[in-house]
Trainee: 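One structure coming up, written as structure tokens, with questions to follow.
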Amino acid sequence: MTPARQVVRRILAGRAGQAQTGAAAYAPANIALVKYWGKRNEELNLPVTGSLSISLGPLGSHVELARAPEPADAIWLNGRRLAADSSFAQRAGAYLDLFRPEADFHFELKARNTVPTAAGFASSASGFASLAKALDGLFGWNLSLRELSILARLGSGSATRSLADGFVEWHAGTAADGMDSFAERLETDWPALRVGAVVLCAEEKPVGSRAGMKRSVETCEFYRAWPGRVAQDLADLKAAIARKDFPMLGTVAEGNALAMHALMAATRPPIVYALPETVAAMRTVWAARENGLPLWFTMDAGPNVKLLFEAKDETGVREFFPGVEVVAPFG
Ligand code: DP6
């Protein structure tokens, strides 16, 4: 039995739930303010460090799940049935393999993203989180947030943080089976917080996060400095959130993203996601800040920039970034 199957079996032990005819679930996308970059176990998506994100409220994934009448999985995305050999169907099918009660049990999965695909927010986190919730509903297990976050992690690391709204911390954990590597929602709400997506390029990135972080762990000599940096950034970010100190939140998040991109650049062969437009957007943020606008940014494994600001400054931010798509994470 694979280690991932063993984790599923441990979590479901004693949960003889009542199978339902179908289930629906929703999970929000999230954007990390302190990033996850590097695993200590690739099969279980166990991270080297903790991370902390903000969930994106209405931007996320809806999933409907039922037992398929056909002798194969039927997988739909945004209203279209996918070919069995498409990368989405393959990845979803491999995840569903962990949960089939019998080898001939097949699923009908209908996924719909409200994350605009071109907005540069990853939909894999909300996708696997909503799928874990839908499985819980279909089989009637009644799992806790902690257990669901462990199951979502088996699909994608960042999905661990997509089970709750608001600020979510993913604890790295130290156990070999990852039973202590789960997510928890922080108590603080911050209704004035805004995240802005600046779309500079909607093309597929040259190196995916999965392959990129593996390459950084294996070849970047600065990687050994990363866990210490993350520990400090996590402590500072949690203090900023508790005090609602926005400049401190922005400073930590932007610095952490730049440190991750520095690691990527020092990876061999190098990984550079920034385009000339990305650097121009960063410089615009810095110039706006010099002018007194409290505006910061973060970036993931791609060329698009996400702005961080407060509601009172939205008009000012739009002057610098007229095309920005604004999300209110706390509604
Ligand atoms: C840069 O969660 O996509 O967005 O665990 O291999 O599925 P896998 O990787 P993934 O990596 C996300 C990396 C990141 C930072 C973050 O979200 O914390």
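Ligands are counted one by one from 1 in listed order, and the atoms in each one are counted from 1 as well.
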Trainee: Under 6.0 Å from the ring centre and within 45 degrees of the ring axis: does the NZ or CZ of R146 meet both conditions for the six-membered ring of F182?
Mentor: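 Yes, R146 sits over the ring of F182.
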Trainee: Kindly assign one of parallel, tilted or perpendicular to the pair Y36 and W170, based on the angle between their ring planes and the thresholds 30° and 60°.
Mentor: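 Aromatic pair Y36/W170 classed perpendicular.
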Trainee: Could you check ligand 1 for N or O atoms lying under 3.5 Å from protein N or O atoms and list the pairs with distances?
Mentor:
from     : atom 1 : to   : atom 2 : distance (Å)
ligand 1 : 2 (O)  : S156 : OG     : 3.2
ligand 1 : 2 (O)  : S158 : N      : 2.8
ligand 1 : 2 (O)  : S158 : OG     : 2.6
ligand 1 : 5 (O)  : Y36  : OH     : 2.5
ligand 1 : 5 (O)  : K39  : NZ     : 3.3
ligand 1 : 5 (O)  : G157 : N      : 2.7
ligand 1 : 6 (O)  : K39  : NZ     : 2.6
ligand 1 : 6 (O)  : R210 : NE     : 2.7
ligand 1 : 6 (O)  : R210 : NH2    : 3.4
ligand 1 : 7 (O)  : S156 : OG     : 2.7
ligand 1 : 7 (O)  : R210 : NH2    : 2.8
ligand 1 : 17 (O) : R161 : NH2    : 2.8
ligand 1 : 18 (O) : Y36  : N      : 2.9
ligand 1 : 18 (O) : R161 : NH1    : 2.9
ligand 1 : 18 (O) : R161 : NH2    : 3.2

Trainee: Tell me which pairs pass side chain to side chain donor-acceptor pair (under 3.5 Å) where either residue lies in residues 125-139, with sequence neighbours left out.
Mentor: S61-S126
Trainee: With ring centroids as reference points, do F167 and F330 lie under 6.0 angstrom apart?
Mentor: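 That pair passes the under 6.0 Å test.
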Trainee: Report, one line per pair, each donor and acceptor closer than 3.5 Å where one atom sits in a side chain of residues 6-13; sequence neighbours left out.
Mentor:
from : atom 1 : to   : atom 2 : distance (Å)
Q6   : NE2    : M1   : O      : 3.2
R10  : NH1    : D177 : OD2    : 2.4

Trainee: Once side chain to side chain donor-acceptor pair (under 3.5 Å) is applied, what residue pairs with a partner in residues 270-288 remain, sequence neighbours excluded?
Mentor: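 Matches after skipping sequence neighbours: E254-W286.
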